[in-house]
Q: 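Encoded as structure tokens, here's the structure I'll be asking about.
Order of the sequence lines sets the chain letters (A, B, ...), proteins ahead of strands, with each chain counted from 1. Every heavy atom of this structure was used, including side-chain atoms; hydrogens, water molecules and symmetry mates were not.
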There are 2 protein chains.
Amino acid sequence: MTETAVSSLNIDKLARQLKALANPKRLQMFHLLMAGVHCNCELGEALAMPPNLISHHMSILRDMGLVDVARDAVDARWVYFSINEAALAELNQVFGAFFAADRIQPRRPSCGPQGAVVPMTDIAMG
Amino acid sequence: MTETAVSSLNIDKLARQLKALANPKRLQMFHLLMAGVHCNCELGEALAMPPNLISHHMSILRDMGLVDVARDAVDARWVYFSINEAALAELNQVFGAFFAADRIQPRRPSCGPQGAVVPMTDIAMG
DNA sequence: GGTATACTTCAAGAAAATTTGAACTAAATG
DNA sequence: CATTTAGTTCAAATTTTCTTGAAGTATACC
């Protein structure tokens, strides 16, 4: 990834996706979905949370495209949440590129005396 | 990474690290630090933010161990922020393991009719 | 058709994060 | 030694997020 490819627009989107995940309950929900499809009631039982809260947190993950939802073909009252694999792949790619250790540069700050040459007259001699 | 290795303790730490990064301003600051060491005033100039806000956001990244700080050897008033490379490496490892696409399992939910066998008496014939 | 079920939406309250402005610290400068 | 400089800390105000409880929707069951 080039420097210009890490644009502020990408940074904003990455920040919003990370914010959707940056919550212990939502991260646990995501973890459960990684282990396979779950319905609202299963998530609620696993995390000891009421169904409306599950619904709320799932909508945050859904809004960021990270989670998909489907209704049961036999009984449409049941909803099944699952990981959006394309979004996960893109997140992994963007995250890996953004936080790649080899992007770290040995720049020196342009202000402060550190980068500046210390004048010889200021250097104590003998 | 095994399922048990992704424990709730790890999830909480990952959630806290992601939360520290899940802010557009802090992510931009982190991006600037990836390009090399910056002092408070450089970050403030680049992001049009007052020094106390830079200080505040940097302390959040520092508290999570993601950013290091050092004072100038010549003029100790200047502070230099940089990426903590060990923390970055660990974050990449944990994130990559947690969100690894191949962790997704084809589980069927244990409630709802989807997984259940549809009784023959309910299947319309001929 | 009335009731139960599974979930969502809404509104209000509680908690947390963010921003602002001022006061403070420590070090360098004249 | 007073002043300037670079940054931090503090307290209050604002904004956002999270939780709670109730109401609403749509579907299935009897």
Side-chain angles (χ1 to χ4, degrees), chain A residues 12 15-16 18-29 37-45 47-64 67-81 109-116 118-119 121-122, chain B residues 12 15-29 37-64 67-81 109-116 118-119 121-122:
Chain A
D12 277 5
R16 279 184 290 116
L18 292 182
K19 180 182 282 183
L21 294 166
N23 173 287
K25 290 290 168 64
R26 283 199 293 275
L27 208 51
Q28 281 180 273
M29 291 175 183
V37 171
H38 282 69
C39 64
N40 183 310
C41 68
E42 285 177 306
L43 295 174
E45 201 163 307
L47 302 174
M49 293 167 72
N52 60 338
L53 249 192
I54 301 293
S55 203
H56 166 71
H57 286 299
M58 280 295 124
S59 80
I60 288 171
L61 291 172
R62 283 211 291 144
D63 287 350
M64 289 314 302
V67 161
D68 286 333
V69 65
R71 289 201 171 262
D72 191 289
V74 175
D75 184 339
R77 289 174 300 179
W78 299 77
V79 304
Y80 300 116
F81 298 107
S110 60
C111 50
Q114 189 181 67
V118 180
T121 51
D122 292 345
Chain B
D12 277 5
R16 280 183 289 116
Q17 292 210 122
L18 292 182
K19 180 181 282 182
L21 294 165
N23 173 287
K25 290 291 166 63
R26 283 199 293 274
L27 208 51
Q28 281 179 273
M29 292 175 184
V37 172
H38 282 68
C39 64
N40 183 310
C41 68
E42 285 176 306
L43 295 174
E45 201 164 305
L47 301 174
M49 292 167 73
N52 60 337
L53 251 191
I54 301 292
S55 202
H56 167 70
H57 285 300
M58 280 295 126
S59 80
I60 288 171
L61 291 172
R62 283 211 290 144
D63 287 350
M64 289 313 303
V67 161
D68 286 333
V69 66
R71 289 201 173 262
D72 192 288
V74 175
D75 184 339
R77 289 175 301 178
W78 299 77
V79 305
Y80 300 115
F81 298 106
S110 60
C111 51
Q114 189 181 65
V118 180
T121 51
D122 292 345

Q: Specify the separation, in whole Å, of atom CH2 of W78(A) and atom C1' of dA26(D).
A: 15 Å

Q: Assuming nearest nucleotide by heavy-atom distance, tell me which of P50(A) and C39(B) is located more 5' along DNA chain D.
A: C39(B)

Q: Tell me the interatomic distance from M29(B), atom CE, to dG7(D), atom P, rounded to whole angstroms.
A: 13 Å

Q: With a 4.0 Å cutoff (strictly under), does any side-chain N or O of K19(B) reach OP1 or OP2 of dA17(C)?
A: yes

Q: Please give, in whole Å, the distance from dC7(C) C1' to M58(A) CE?
A: 13 Å

Q: Closest-nucleotide mapping onto DNA chain D: is I60(A) or L53(B) further toward the 5' terminus? I mean the 5' end.
A: L53(B)

Q: Write down the distance between CG (N40(A)) and P (dT25(D)), rounded to a whole number of angstrom.
A: 19 Å

Q: Quick check for you: to the nearest 0.5 Å, what is the distance between R77(A) atom CZ and N40(A) atom CG?
A: 13.5 Å

Q: For dT19(C), does OP1 or OP2 lie under 4.0 Å from any side-chain N or O of H57(B)?
A: yes

Q: If you find the nucleotide of DNA chain C closest to V69(A) and the one closest to M49(B), which residue's nucleotide is nearer the 5' end?
A: V69(A)

Q: Taking M58(A)'s backbone N and O only, do any of them form a donor-acceptor pair with R26(A)'s side chain (distance below 3.5 Å, no angle check)?
A: no

Q: Output the distance between atom CG (L27(B)) and atom CG (N23(B)), rounded to the nearest 0.5 Å.
A: 8.0 Å

Q: Within the sub-3.5 Å range, which N or O atoms of nucleotides 27-30 of chain D have a protein N or O partner, and how far apart are they?
A:
from, atom 1, to, atom 2, distance (Å)
dA28(D), OP1, V74(A), O, 3.1
dA28(D), OP1, A76(A), N, 3.3
dA28(D), O4', R77(A), NE, 3.4

Q: How many Å lie between NE2 on H56(B) and C1' on dG21(C), as a whole number?
A: 15 Å

Q: Spell out, as yes or no, whether a donor-acceptor pair under 3.5 Å connects the side chain of R62(A) to the backbone of V69(A).
A: no

Q: Just how far, in rounded Å, is P of dT18(C) from CG of L61(B)?
A: 10 Å

Q: Return no unless some side-chain N or O of N23(B) is found under 4.0 Å from OP1 or OP2 of dA17(C).
A: no

Q: Rounded to whole Å, please give me the gap between NZ in K25(B) and C1' in dT20(C).
A: 13 Å

Q: When you measure from the side-chain N and O atoms of R26(B) to the phosphate of dT18(C), is any distance below 4.0 Å, counting only OP1 and OP2?
A: yes

Q: Any sub-3.5 Å donor-acceptor pair from E45(A)'s side-chain atoms to E42(A)'s backbone N or O?
A: no

Q: Suppose we call a contact any N or O donor and acceptor under 3.5 Å apart; does that hold for the side chain of N52(B) and the base of dG7(D)?
A: no

Q: Is R71(A) reaching over with its side chain to a backbone N or O of V79(A), donor-acceptor style, under 3.5 angstrom?
A: no

Q: Give the rounded distance in Å between these two atoms: CD1 of I54(A) and P of dC7(C).
A: 10 Å

Q: Scan Q28(A), K25(A), H56(A) and name whichever one has a side chain to side chain contact (heavy atoms under 4.5 Å, CB included) with M49(A).
A: K25(A)

